[in-house]
Amino acid sequence: MKTIFKYILCMAAILLSACSNDNVSDLQLAGDCMVESIKLDDFEGTVNLTNRTITVRLPEIYDASAMKVTELTLSDGATCDIQAGQTLNMEAAKVLHVKNGDVYIDWTLQVVNDEARIKQFVINDIYTGIIDQDNRTITLYVPNTLDITNLVPTITYSDGATITPATGVAQDFTNPVTYEVVNNSAKSTYTVTVNAIDKPAALFIGEASNLNGLDPEAKEACLWMLANVPNSLYASFADIENNTIDLSNCKVMWWHYHVDGGVDGHDVFAARATKALAAKNQLRSFYENGGSFLLTRYATNLPSFIGVTGDDEWTTPNNCWGQDESGAELCGGPWTFRMYEGQDGHALYQGLIKGDNANEVYCTDAGYHITNSTAQYHIGTDWGDYPDYNAWTSRTGATILGVGGDGAIVAWEYPRTATKGGIICIGSGCYDWYSYTYEAGYTENYHKNIATMTKNAINYLMK
């Protein structure tokens, strides 16, 4: 009987000791194994009893690799495996094991850098600012039809921060306006400049009513243009059709047209690009009066619809495809196309970052995701309307600038005439602005050539 009684007592003791994951109930935790206070480099930590975390807030730029525990106060009688005076590498969170007698609790110690940044600045829900985080400047280009004395900005800024003046409050942007963002120890001052343009020198055109409605690929291209081409604006095809933009000083229009899955041929383009074709008379007039176009991806179909190839509307690219952005292909290395023979001196190819083959145009880097959206001309007697390059040139009136690995024409030019503008078309699947994600270790190198080629083309067409 005594043996059975001892056995029952032992089992009860084992069960009681296993009831709590931390060997202490929530009620015991607050009194026995509490971190009363802690400071790292004299920055005080905030203790969260519910989550058992301690957070130390640091300035936005602060080296956390060697932080000294300058203060540590525990519950009476408690000990910790980290001591005051100890130096910690806080680039990763640390666990503090606090023990008091036979009970203990593990606390997660972490640091968070205070951030005081403006992440997006949009005026009147349409015009998006170009943010230079290094110099803390924001630049916007708007039509001069807007009353810049009464513009309402919608501002996205760092979590937990405050901003002055507040978002949603109308401002007079006749002169630059400063905005101050404060988040604990972090403080930043941004200077916002609004440029009212009455006669843009260049336009990025698209189907969306404003650039925020563009797909990610086109939006990335458009934002680059607004930041790098002076006196440029975004304009919708409705703006062009309704003559709401003064084109008297406009030299170039750029249309970068992306559609998930591709736009394969004349009929598909006609069915999909209805807003563009609604403005085709205005676009044709612009071209026939000396205006130039940069047409990339599926926008390369446009020349056939605005009279560039005469009455022959069936000169659109005959070999087109593409993937969805969400399923974009991973580049294992640089993707390239080839400069056509004798075209290495063309303005389009100047200043590019070169790879191993001097005749190749290197466009992407390993770790980039690409939709391979292609609008090109198949050349050959096996199928299509162009048995050789001469047949293509004779029918289209264009000049070959670049070809793919199979000889397909992927870049071409309709030369400027005495009265008409020039047009550069890039339909290579290598020409890509947006990767929905990047693989670990991605470094941009050859992809910079996309921006260089685009700037070269715009400068060339502006002349």
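Along the sequence shown, the residues carry numbers beginning at 1. None of these values were measured; they are calculated from a predicted model.
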Any residue meeting side-chain contact (heavy atoms from CB on, under 4.5 Å) with N124, in chain and number order, not counting sequence neighbours: L146, L151, V152
Residue list, salt bridge (charged side-chain N to carboxylate O under 4.0 Å, His left out) with E325, at least two apart or on another chain: none
Qualifying ring-ring contact (aromatic ring centres under 6.0 Å, His included) pairs with a residue from residues 44-63, counting only residues at least two apart or across chains: F43-Y62
Any pair counted as ring-ring contact (aromatic ring centres under 6.0 Å, His included), so long as it reaches residues 328-360, sequence neighbours left out: Y340-Y389, H346-Y460
Pairing residues for N210 by the side-chain contact (heavy atoms from CB on, under 4.5 Å) criterion, not counting sequence neighbours: I126, N212
Any residue meeting side chain to side chain donor-acceptor pair (under 3.5 Å) with E439, in chain and number order, not counting sequence neighbours: H369
Y362 side chain reached by N357 side chain, heavy atoms, under 4.5 Å: yes
Pairs touching residues 145-188 that satisfy ring-ring contact (aromatic ring centres under 6.0 Å, His included), sequence neighbours left out: F121-Y179
Anything under 3.5 Å between a donor and an acceptor, one on a side chain of residues 222-234, the other on a protein residue two or more places apart or in another chain? List them.
from : atom 1 : to   : atom 2 : distance (Å)
N228 : ND2    : W224 : O      : 2.7
S232 : OG     : M225 : O      : 3.3
S232 : OG     : V229 : O      : 2.7
Y234 : OH     : G206 : O      : 3.3
Y234 : OH     : A208 : N      : 3.4
Y234 : OH     : A208 : O      : 2.6

Partners passing side-chain contact (heavy atoms from CB on, under 4.5 Å) against Q133 (at least two apart in sequence or in another chain): R117, I131, R136, Y190
Pairing residues for V252 by the side-chain contact (heavy atoms from CB on, under 4.5 Å) criterion, not counting sequence neighbours: S292, L461, M462
Partners passing salt bridge (charged side-chain N to carboxylate O under 4.0 Å, His left out) against R395 (at least two apart in sequence or in another chain): D312, D385
Partners meeting salt bridge (charged side-chain N to carboxylate O under 4.0 Å, His left out) with R57 (sequence neighbours left out): D114
